[in-house]
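In what follows, a single structure is set out as structure tokens and then discussed.
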Amino acid sequence: MEKYNHKNIEAKWQKYWSEQPELYTAADESGKDKQYILDMFPYPSGNGLHAGHVESYTATDIMSRYLRLKGKNVLHPQGWDAFGLPAENYAIKTKIQPAITTRQAVATFKQQMKMMGFSYDWSRELNSSEPDYYKWTQWFFLLLYKNGLAYKKKAKVNWCASCQTVLANEQAEGGVCERCGHPVTQKDMEQWFFKITDFIEPSFAKATEAKERITSGLLDGLNKVDWPESTKAAQKNWIGKSEGAIIKFSIFNFQFSNKSQKPNGQKYFEVFTTRVDTIFGCTYLVVAPEHKILNELKLRIKNWPEVEKYLEQSNKKTDLERMESKEKTGVELKGIKAVNPFNGQELPLFVADYVLAHYGTGAIMAVPAHDQRDFEFAKKYNLPIKQVVKPKDVLRSVVVGITVEERFKEELKRNGIKFEVGLSKNKREHIRVILGKKQIEIYIKLAQTYLKPDSWVEIIGSENIFIFKDRVIKNFSFNDKKILNICQKFEPLVKHYKSLWEMLEANLFYQGWICYVDDGVLVNSGEYNGLTSAEAREKMTEWLEKEKVGRRKINYKIRDWLVSRQRYWGAPIPIIYCRKCSEISNNQFPISKQIPNPKNIKFQTTIFDGEEYAMIPVPEKDLPVKLPTDVDFMPTGQSPLVNSESFHKVKCPVCGSKARRESDTMDTFVCSSWYYFRYADVQNKKEFAGKEMIKKWLPVDLYVGGAEHTVLHLLYARFFTKVLHNLGYIDFDEPFLKLRHQGIILAEDGRKMSKSLGNVVNPDEVVKQYGADALRLFEMFMGPLEDMKPWNTRGIIGQVRFLEKIWQFYHKVKLTDCGGGANKPCENVPEGMPRLLHKTIKKITEDIEALRFNTAIAQLMIFINFASKAETMPQAAAEKFLILLAPFAPHLAEELWANIKSPLPPFAKGGSHSIFKEKWPEYDKNMVKNETINLVIQINGKTRDMIKVSADISEAEAKKLALASEKIKKWLVGKEAVKIIFVKGKLVNIVIK
RNA sequence: GCAGGCGUGGCGGAAUUGGUAUACGCGCUAGCCUUAGGAGCUAGUGGAGCAAUCUAUGAGAGUUCAAAUCUCUCCGCCUGCACCA
């Protein structure tokens with residue numbers, strides 16, 4: 001018998017497939033149901049494919065092949081996210097044009113993908129760095145600009161003083177320059193932004209022809225897609241919605257003490273808070289160093305030189321320093337007081353860099369008793385701490401301190417309470433108390449290192465709150481029955497320590513020794529006393545609005561998307577700066593039929609060196625704005641494009657006078673925000689994609705890619721989709737219906753694969769040694785798609801054995817036709833084979849649809865393990881098994897298929913066809929049910945016997961048989977069966993006393 | 001700190017409408033075959049025990065005839081975000 005030779009087989013079929021591209025082509029004309037199966041398009045790095053690529057591409061390949069066999073019209077494209085920094089950095093080093101290195105890398109990637117047998121529709125290949133693609137990236141920029149969704153403003157960017165260049169956030173991780181290790185500082189520069197913040201909440205359509213349409217927001221849209229919970233959570237977290245209130249604090253009127261009095265136009269400033277309920281505990285206010293009020297009040301601040309010095313210091317601070325020093329610093333603004341509108345109290349004002357300028361109003365009301373950061377600051381600068389919220393329902397309390405620790409232990413012993421002393425992960429000692437039979441545990445953390453003598457731990461009623469030196473650590477609740485139990489058991493202790501608790505409560509809790517951050521009940525808050533935090537927030541906000549000293553406000557952490565990059569290897573921003581046009585009022589956009597401008601948005605202008613320039617969009621007919629090749633890649637602090645005269649010297653498309661082209665390029669995330677539209681209509685020269693084709697193929701049915709893109713790429717792509725929906729281009733507002741992330745494949749040593757550790761698995765080597773089919777199977781068999789899994793080279797042997805086993809079986813087995821297909825019992829065919837085949841069809845069909853490829857492969861193995869013992873097999877069964885195998889190991893399946901269907905070389909005489917033109921087998925419902933089962937007989941839930949019975953055995957019969965069993969009788973001697981449970985088709989459980 | 005997730009043999013993992021725990025694979029053990037084997041074949045393989053049997057899904061409790069699966073608490077690990085008021 002010929003040996004299984006993966007090299008010959010795989011090469012042969014890859015050649016065949018490339019000669020028959022229609023096997024994998026998505027048919028624009030077909031009336032069949034469509035399925036759009038998409039991989040996140042890769043960045044073609046010089047290193048080629050890695051194990052993680054292979055994992056996710058194999059998964060989508062199996063899915064695509066399966067769906068085609070199921071008769072679906074499948075769109076499964078691939079392309080290249082080809083702009084980006086590595087290619088440019090390489091160019092700086094070697095002076096080789098990024099376009100050249102990129103093309104080489106693409107060729108490698110593509111060759112490797114073909115080597116893996118992936119069934120991409122290569123007729124739809126795209127490359128984001130090619131002009132026919134980035135033409136449309138630029139078109140999108142103009143679309144946003146003309147709809148007021150792209151704008152320019154000053155912003156802080158990462159700046160490396162050593163490299164003289166702007167850095168992307170990813171290049172400035174940890175606050176140091178990726179290239180030279182120099183600390184990164186913040187520098188103000190004019191930057192382009194996309195208004196992603198317009199799409200957080202649902203919005204009404206802007207396009208004229210779609211008046212009634214509502215576009216779902218980035219938040220609520222998540223509710224209608226099938227995505228991993230963690231990804232949805234990460235997006236929500238990133239958007240960072242918090243509901244609270246803006247409160248106006250008046251500054252000049254020191255007499256402002258009557259709360260019915262209005263601020264009457266006095267100078268005031270606003271703070272944002274989510275905890276209005278704590279406002280009576282506000283003892284000072286803080287503004288960020290960048291807050292504009294500082295300049296306005298400059299003359300009134302008595303210690304201005306000191307303040308100015310502080311501002312300089314904090315401005316100089318790098319991100320790294322700000323991150324490293326958690327120590328809070330600040331300076332009081334002497335001579336300035338602000339007034340709390342609720343009680344008229346005059347409060348000091350501080351500037352401190354623990355307050356962020358870009359969040360909320362850049363100013364806060366500080367409530368040290370109920371906010372950890374304010375607490376730290378107040379402690380440091382000796383500011384008053386005023387308790388206004390206390391935990392609710394204080395029933396009982398037990399107080400334990402370090403000085404009484406031994407006493408406490410003795411007390412426990414004396415009361416017969418079992419306990420053990422352990423260390424938690426923070427090395428805090430705790431006592432675990434076990435109460436009675438029910439074994440309720442209470443962890444009493446003694447935490448010597450955190451507790452001063454006579455500080456304490458409190459157990460209160462429904463909540464158990466551990467309070468350390470300065471804050472509440474944790475709470476948890478018991479149900480009522482348990483509380484009672486605890487209280488009874490702790491009675492003696494409670495008596496013993498109660499007085500100490502009361503003393504401490506009076507002395508500590510209400511005098512600022514601790515910081516209680518949770519909701520509770522209000523105290524020291526005038527008419528609001530006794531309300532819960534939630535009630536108080538509601539009432540106080542109403543009052544603010546009534547008195548016009550504040551309002552309800554929702555704040556978001558997310559900021560507009562900074563899209564400009566001072567870089568070469570990206571899509572140029574299609575804008576032209578014209579001095580002359582800035583003087584003409586009522587500028588109209590250059591003629592553009594494609595991009596509507598329903599609001600008649602005018603050109604924005606910007607200032608360079610004191611001169612105003614109009615920002616003219618490049619007319620559509622002049623797109624793409626191509627990247628020049630006469631550039632020097634050395635970093636100079638500006639985009640390398642600035643050096644190219646031919647690039648930036650242009651005539652204004654509106655007035656024809658001398659003008660200058662924008663030299664910034666776009667973030668690569670812009671390119672990847674819309675590529676999934678392009679696949680639907682990749683050849684289109686008139687539109688980014690034709691309406692009909694979008695309608696036909698989009699949205700994406702299954703999207704698979706790395707979890708590193710949970711936030712940015714997916715959020716930006718959703719934003720683009722919402723913009724298009726909002727402007728009436730498309731009729732859906734979420735691009736990816738179902739999303740899954742492949743888990744990271746770790747190296748054999750359990751660490752991340754990385755070049756520096758030298759533990760990277762190279763797919764080329766693996767394929768050379770074991771074959772693509774083996775690698776595909778192995779990566780799918782390792783475990784669930786989404787789990788993190790370590791590579792294990794030995795494990796791949798198992799897959800090679802599996803493939804060889806199939807090979808050998810198909811070469812030695814005698815195929816028979818018993819005249820009735822796969823189901824009929826045949827001579828010499830093992831009895832269970834037809835049923836096993838149908839079970840296998842069912843299992844594999846269901847597993848593929850749920851992306852459980854590991855268990856699908858296990859089922860293939862079970863079948864072949866069983867079948868390989870047989871000498872004969874029905875022809876129909878042999879064919880069906882190969883079809884089941886085909887999505888997983890396409891090369892071997894084609895080879896064996898050709899073998900059993902027609903003589904090799906394949907289909908040469910038109911005798912047969914590729915296995916991928918076959919139909920996915922259906923299973924017979926009656927055949928997947930067992931005729932007989934092993935009826936499990938349990939006694940008190942423990943299996944004691946098993947008997948082979950008919951699957952549809954009746955309850956009475958089953959019980960009779962169970963009681964008649966010899967093994968069971970033994971257990972029933974002298975016992976009485978109280979109850980007998982019968983589960984149809986499964987078991988009998990006899991309950992005895 | 002906040003959010004999401006995880007914890008099952010020597011290893012990767014199966015089994016979650018509660019119903020035979022450890023499918024499938026790797027590894028390991030024994031035997032066969034072979035000049036040889038990091039090849040192949042056969043059998044075995046959670047732990048303890050000669051056996052009957054007992055015992056085991058991070059720990060403990062609860063619900064149930066029955067819990068890896070549901071509830072609660074604790075412990076440990078991973079991922080993302082984080083001075084976001």
*Would you say B:C41 has OP1 or OP2 under 4.0 Å from some side-chain N or O of A:R801?*
no
*State which of B:G19, B:A85, B:A14 makes the closest approach to the side chain of A:T274.*
B:A85
*Atom C1', compared across B:G7 and B:G60: separation rounded to whole Å*: 16 Å
*Dot-bracket line, read 5' to 3' along RNA chain B, where crossing pairs take [ ] and | marks a partner on another strand, Watson-Crick or G-U under 3.5 Å*: (((((((..(((......[....)))((((((.......))))))(((....)))..(((((..]....))))))))))))....
*Say you pick atom P in B:G25 and the same atom in B:A82; how far apart are they, in whole Å?*
45 Å
*Please measure how far the P atom in B:A43 lies from the corresponding atom in B:C26, and state the result in whole Å.*
14 Å
*Side-chain donor or acceptor of A:N237 under 3.5 Å from a matching atom on the base of B:C81?*
no
*Classify the angle between the aromatic ring planes of A:F863 and A:F881 as parallel (below 30°), tilted (30 to 60°) or perpendicular (above 60°).*
parallel
*asked:* Any side-chain N or O of A:T231 below 4.0 angstrom from OP1/OP2 of B:G4?
replied: no
*Does A:K241 NZ have over 12 foreign heavy atoms under 6.0 Å away?*
yes
*Using only heavy-atom distances, decide whether a donor-acceptor pair under 3.5 angstrom links the side-chain of A:K328 to the base of B:C83.*
yes
*What nucleotide, of B:C65, B:G13, B:A85, holds the atom closest to the side chain of A:N989?*
B:C65
*Classify the side chain of A:E229 and the base of B:G5 as holding, or not holding, a donor-acceptor pair under 3.5 Å.*
no
*Rounded distance in Å between the P positions of B:U69 and B:A59*: 11 Å
*Write down the distance separating the C1' atoms in B:A15 and B:U20, rounded off to the nearest Å.*
11 Å
*Report yes if a side-chain nitrogen or oxygen of A:N865 is closer than 4.0 Å to either non-bridging phosphate oxygen (OP1 or OP2) of B:G25; otherwise report no.*
yes
